[in-house]
Amino acid sequence: MRFAPSPTGMFHVGGARSALQNWIYARQQGGVFVLRIEDTDAARNKPEWTEGILSALDWIGIERGSYEGPYFQSSYAAEHRAAAQRLYEAGRAYYCDCTREAVQARTGNQYTGYDGFCRDRELPPGEGRALRFRTPDEGVTVVTDLIRGEPTFENKLIEDFVIARGDGSPVFLLANVVDDMTMGITHVIRAEEHLPNTPKQQLLWDALGVKPPIWAHVPVVVNEKRQKLSKRRDKVALEAYRDEGYLAEAMRNYLMLLGWAPSGDREIVPWSVIEDEFRLDEVNPSPAFFDEKKLRAFNGEYIRALPVAEFVEACQPWLTGTGTIAPPPWQPTEFDPAVFAAVAPLAQTRIAVLSEIVPNVDFLFVDSPLIDEAAWNKAMKEGSAELLDAAVAAFEAVDSWDAETLKATLEAVGAERGLKLGKAQAPVRVAVTGRTVGLPLFESLEVLGRERALTRMRAARVRLV
């Protein structure tokens, strides 16, 4: 098996799905997983993109050292050119000097493919002359596909396609085939969008005298409008989901459900179950909907299933900041690990992605709360000033600063004003945390401490004047 991404941008979630499927199938069959970086587009390649691919694969469990490679397509340029020369010498390819404009002028249609004009001109190699593969005039090319059966293509409908450019450099179709031959690839799992290339590549395999691989074209991944996921339009970068706080276990579980499902009425399953049950021939060929809301719900389930200690550890990048994750709004010296550990179980049940930990706990580690103006305007209604005065007085008088006592105290303050607890606690919550939603209020007050809580409530009262 091989996974062969191009280092030309962020790592696409669809590519991650294909990598996982290749990885699992290779392990199931006792085979080998090969990582090949298709880096021949020098104008678009950047070393950081290659490192991004390796890092993303590490994150989803395909770790460096556990596979062959990475190999780089550019290292096989000599083999590519040799294959092109073999095809030319065998009469399976010919040189062509036709421009796009010349073809259009002859056919009168900009959408018509190449018309075979140079097939019998016997042009020698020359500057600006592309090398075209001579496709058969008759018969069909049958593709053996583990997901789609045996798609059949009429050879007469396949134009004589370019295999080497005018400067002699081979194009993707040929380079990809030669690399697969060189590396002994027997099975190719890749996205459905490559299916139209497959008869051309299979013809190249046959012309070079090597048995083609078994193919498996997995369904295209689409958005909610059933449009193919696009880097320009959709959130597709695996790194973006990682930095937002999606767990690798949740992400790879969800990716494997794009076109396939484990047995029974279940979707969230251990990775060992997926490795055991995944079958290529059970993959649905229909387009697979990448539902970010569903992924978010998956991730919340995985977060809640973590032991608290593991949850605390998983939150650390967002509590400190990294090269790709912004630092939190507090100074490092203001952060207290013991305080965070005390509220971690409360936060764990309330967040769906790890980045949400910061707005849930920031009030504990800053001098004064970061006030959300919309939350302030919603909570601080008429009578809020008087309620805060009464709450401060009542809280000052309590003997024990614990969640149960604080709740009973504020409940009594609200009752005196005809308010249920939910209404009474809204101004207090915003005064203390800056937001209308977050961790349970009374547990938050207990951890924050009497003096800090009362200071914030008094400051909010002043602001209301």
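Sequential numbering from 1 along the given sequence is applied to the chain's residues.
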Any side-chain heavy-atom pair of [X] and [Y] under 4.5 Å:
| X | Y | value |
| --- | --- | --- |
| I163 | L173 | no |
| N284 | P219 | no |
| M10 | L238 | no |
| T50 | D39 | no |
| L257 | P262 | yes |
| I24 | W271 | yes |
| R242 | S55 | yes |

S75: what forms a side-chain contact (heavy atoms from CB on, under 4.5 Å) with it, not counting sequence neighbours?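 S75 satisfies side-chain contact (heavy atoms from CB on, under 4.5 Å) with F72 once adjacent residues are dropped.
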
Residues in side-chain contact (heavy atoms from CB on, under 4.5 Å) contact with V188, at least two apart in sequence or another chain: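 V188 satisfies side-chain contact (heavy atoms from CB on, under 4.5 Å) with R2, D180, I185, R190, P213, W215 only.
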
Pairs under 3.5 angstrom only: tabulate donor-acceptor contacts from the side chains of residues 341-351 to other protein residues two or more places apart or in another chain.
{"unit_1": "Q348", "atom_1": "NE2", "unit_2": "I303", "atom_2": "O", "d": "2.8"}
{"unit_1": "Q348", "atom_1": "NE2", "unit_2": "L306", "atom_2": "O", "d": "2.8"}
{"unit_1": "T349", "atom_1": "OG1", "unit_2": "L346", "atom_2": "O", "d": "3.1"}
{"unit_1": "R350", "atom_1": "NH1", "unit_2": "L346", "atom_2": "O", "d": "3.0"}

Donor-acceptor pair between D179 and Y71 side chains, under 3.5 angstrom: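 Per modelled atom types, D179 and Y71 side chains form no pair under 3.5 Å.
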
Just by distance, with hydrogens left out, do N223 and Q227 show a side-chain donor and acceptor under 3.5 Å apart?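 Yes, side-chain donor-acceptor contact under 3.5 Å.
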
With no hydrogens and no angle check, is any side-chain donor or acceptor of D167 less than 3.5 Å from a backbone partner on S169?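 Yes: the side chain of D167 pairs with the backbone of S169.
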
Pairs in or reaching into residues 398-453: which pass ring-ring contact (aromatic ring centres under 6.0 Å, His included), with residues at least two apart or in two chains?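 Those involving residues 398-453 are F395-W401.
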
Show every salt bridge (Lys or Arg N to Asp or Glu O under 4.0 Å) that has at least one partner inside [range], sequence neighbours left out.
| range | result |
| --- | --- |
| residues 47-74 | E51-R64, D58-R64 |
| residues 406-417 | none |
| residues 265-275 | R27-E275, R266-E277, E267-K294 |

If you look only at pairs with a residue in [range], which of them pass as a side-chain hydrogen bond (donor to acceptor under 3.5 Å, both in side chains), with sequence neighbours excluded?
| range | answer |
| --- | --- |
| residues 13-23 | none |
| residues 305-327 | D243-T324 |
| residues 428-438 | D362-R435 |
| residues 444-465 | E373-R463, D389-R461, E396-R458 |

Look at E224 together with K293 and state whether they make a salt bridge at an N to O cut-off of under 4.0 Å.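 Judged by the 4.0 Å cut-off on N to carboxylate O distance, E224 and K293 do not form a salt bridge.
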
Which class fits the ring pair F278 and W260: parallel under 30°, tilted 30 to 60°, perpendicular over 60°?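 Taking W260 first and then F278, their aromatic rings stand perpendicular (interplane angle over 60°).
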
At their closest point, which heavy atom of A352 faces which heavy atom of N299, and how far apart are they?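 Smallest heavy-atom distance, with atoms named: O-ND2, 2.7 Å.
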
To the nearest 0.5 angstrom, please state how far the CG atom of D145 sits from the CD1 atom of I189.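 Rounded to the nearest 0.5 Å, the CG-CD1 separation comes to 10.0 Å.
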
Tell me whether the centres of the aromatic rings in F298 and Y241 are closer together than 6.0 Å.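 Centroid separation for F298 and Y241: 6.0 Å or greater.
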
Ring centers of F290, Y254 separated by less than 6.0 Å: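 Distance test on ring centres: under 6.0 Å, yes.
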
Which atom pairs, one a donor and one an acceptor, fall under 3.5 Å between side chains of residues 325-338 and the rest of the protein, sequence neighbours left out?
{"unit_1": "E334", "atom_1": "OE1", "unit_2": "Q331", "atom_2": "N", "d": "2.8"}
{"unit_1": "D336", "atom_1": "OD1", "unit_2": "A338", "atom_2": "N", "d": "2.9"}
{"unit_1": "D336", "atom_1": "OD1", "unit_2": "V339", "atom_2": "N", "d": "3.4"}

